[in-house]
Amino acid sequence: MRQPSALPDHLSGRSFTLAQQMDAGVPAGRAWRSDLYVPSRGMRVPWDAAQPLHHTCSLLVALTPGAVCCLGTAGLLWGCPLPLVVQNDLIIHLAKARGEARPERKGVAGHRLSLRAGDVAMLDGVPVTSPARTWLDLASVLGLEGLVAAGDHFICSQARSFGPVRTAFCSLDDLREQVMTTQGVRGIRKARQALELCRVGADSAPETRLRLAMGRLGLPEPTLSHVVLDPTGGELAWPDLAFPEFKVAVNYDGRHHLEARQRESDIRRDESIAAVGWQSVTVTAGHVRTWGFDGCAHRVLDALVRAGWGVERRDLRAKRAA
């Protein structure tokens, strides 16, 4: 069988629309050769090349005028931490404003949403629901903890002396305003509940889930983005979660902390804050697999008790018993 003719460089190895093929001067029949498949009408994708989500969305919204990416698709485009079931969803979620026809095409889940001007943003040329509107729409597909983690992602702002500055996609007030002014959205009660649990400064979903587990255990509210200083005012560490009153630092160490250089840095971090009277509690993915976040929260409880938390309550119970 004769091999399909080569495509122009700017179309090779990537998905494209039939209009782009025509503009490139490629014969119409080339779209039906065996190295390409049809994910949706007017679009072609090479069989052997994974396609970036942003590129796929840019083609689909070009083929669906007036549509915007929404729900899980919008969450992924904004880099939101989402469950694997959402990450692995091959369907692209597109919405049009109420009163217009719902997008209908292969590979697309069409929605009609009441969208205000502020509910739509452009992300590298692709129309997508705004961070605050995306978060609210995710209330219909995420559990409470997942929604809190998504909210923490959107409002996270960091300006540490190390690493890149992280600018929030939106503010906590933006989320609150979205909840208060948007009507008829599935999951609105869950969103109101999650809103009270969102905090600025959480770097990752595991940090958020660990914080929520500590809350279920009745531990005091931790401080995020706290810096531990030496006696001269020099920075020693930025714990993920901190209890300054009790000098307890809690860190969730992800996969990159397994690298030798990072591990050495973590050891120096823990030793340096121990020298000024702080305890360190490090939680890893392995700990979570073994004990769950609730089990790991008990390790934080133990450290707080050793640091004196709960002494007043124990003394009060003892007096009452006497």
Assign the ring pair Y252 / F293 to parallel, tilted or perpendicular, where the plane angle (0 to 90°) is split at 30° and 60°.
tilted
Can you confirm whether R216 is buried at CZ, in the sense that more than 12 heavy atoms of other residues, nucleotides or ligands lie under 6.0 Å from that atom?
yes
Quick one, V141 with L138, criterion side chain to side chain contact (heavy atoms under 4.5 Å, CB included). Give me CA distance, side-chain angles, the key distance, then yes/no.
CA-CA 5 Å; V141 297; L138 286 172; 3.9 Å; yes
Taking all heavy atoms of A139 and all of A191, pick out the closest pair and write down the distance.
CB-CB, 4.2 Å
In terms of hydrophobic clustering (I, L, V, M, F, W, Y; side-chain heavy atoms under 4.5 Å; direct or indirect links), are L77 and I155 co-clustered?
yes
Say whether E145 and T208, considering side chains only, have a donor N or O and an acceptor N or O under 3.5 Å apart.
no
Would you say that Q279 contacts L304 through its side chain, given a criterion of any heavy-atom pair below 4.5 Å between the two side chains?
no
Among the clusters formed by ILVMFWY side chains lying less than 4.5 Å apart, do L142 and L136 turn up in the same one?
yes
Nearest 0.5 Å, please: how far is CG in D23 from CG in L18?
11.0 Å
Using the rule that two of Ile, Leu, Val, Met, Phe, Trp, Tyr join whenever any of their side-chain heavy atoms come within less than 4.5 Å, decide whether L224 and F243 are in one cluster.
yes
What are the two closest non-hydrogen atoms of P127 and A67, and how far apart are they?
CG-O, 3.5 Å
Looking at Q158 and G201, would you say the former's side chain and the latter's main chain have a donor-acceptor pair under 3.5 Å?
yes
I'd like to check F154 versus T134 (side-chain heavy atoms, cut-off strictly below 4.5 Å). Are they in contact?
yes
Measure the CG-CG distance between L144 and L197 for me, rounded to the nearest 0.5 Å.
6.0 Å
For K190 versus G143, what's the shortest heavy-atom pair and its separation?
CD-C, 4.1 Å
Just wondering, do V305 and L301 contact through their side chains at under 4.5 Å, heavy atoms?
yes
Would you call L60 and R105 a side-chain contact if the rule is heavy atoms closer than 4.5 Å?
yes
Report the C-alpha distance between T64 and K96 in whole Å, list the side-chain angles of each, state the deciding distance to 0.1 Å, and finish with yes or no for side chain to side chain contact (heavy atoms under 4.5 Å, CB included).
CA-CA 9 Å; T64 317; K96 286 192 176 183; 4.0 Å; yes
Is it true that R176 and D173 have a side-chain N and a carboxylate O under 4.0 angstrom from each other?
yes
When you measure from the side chain of H226 to the backbone N and O of A249, does any donor-acceptor pair fall under 3.5 Å?
no
Distance (rounded to the nearest 0.5 Å) between C296 SG and L217 CG:
11.5 Å
Does D302 pair with R306 as a salt bridge, N-O distance under 4.0 Å?
no
Check this for me: M122, atom CE, are more than 12 non-hydrogen atoms of other residues, nucleotides or ligands nearer than 6.0 Å?
yes
Between CZ on residue R299 and CE on residue M214, distance to nearest 0.5 Å:
12.0 Å
If you measure from OG1 on T17 to CG on L59, what distance do you get to the nearest 0.5 Å?
6.0 Å
Side chain to side chain contact (heavy atoms under 4.5 Å, CB included) between R133 and V185: does it pass, once the steps are laid out?
CA-CA 10 Å; R133 180 56 196 259; V185 176; 4.3 Å; yes
Exceeds 12 heavy-atom contacts within 6.0 angstrom, atom NE2 of H298
no
Can you check whether I92 reaches L53 side chain to side chain, under 4.5 Å on heavy atoms?
yes
A297 and L219: which non-hydrogen atoms are nearest, and at how many Å?
O-CD1, 4.0 Å
Is there a donor-acceptor pair closer than 3.5 Å between any side-chain N or O of N251 and the backbone N or O of D253?
no
Judged by atom type as modelled, is there a donor-acceptor pair below 3.5 Å linking the side chain of R102 to the main-chain atoms of G110?
yes
Residues, nucleotides or ligands: over 12 heavy atoms within 6.0 Å of R186 CZ
no
Any side-chain heavy atom of V248 sitting closer than 4.5 Å to one from L241?
no
May I ask you to decide if T129's main-chain N or O and W78's side chain share a donor-acceptor pair within less than 3.5 Å?
yes
With a 4.5 Å limit on heavy-atom distance, are the side chains of E235 and L229 in contact?
yes
Using every non-hydrogen atom in the two residues, find where A150 and C80 come nearest and quote the distance to one decimal.
CB-SG, 3.4 Å
Here's a test for you: under salt bridge (charged side-chain N to carboxylate O under 4.0 Å, His left out), which of D240, D152, D203 qualifies with R211?
D152
Assess whether atom CD of E177 is packed by more than 12 heavy atoms of other residues, nucleotides or ligands within 6.0 Å.
yes
Output field: ring centroids F169/H153 closer than 6.0 Å:
yes
Spacing of S272 atom OG and D230 atom CG [to the nearest 0.5 Å]:
9.0 Å
Give the cluster check for V300 versus V288: same hydrophobic cluster or not, with ILVMFWY residues linked at side-chain heavy-atom distances below 4.5 Å.
yes
Quick one: do V68 and V61 end up in the same hydrophobic cluster if we chain Ile, Leu, Val, Met, Phe, Trp and Tyr together by side-chain heavy atoms under 4.5 Å apart?
no
A side-chain contact here means heavy atoms from C-beta on lying under 4.5 Å apart; do S114 and T182 qualify?
no
Minimal non-hydrogen separation, G72 against L82, with atom names:
O-CD1, 3.8 Å
Verdict with reasoning, T181 to R116, per side chain to side chain contact (heavy atoms under 4.5 Å, CB included):
CA-CA 11 Å; T181 60; R116 301 165 296 182; 2.9 Å; yes
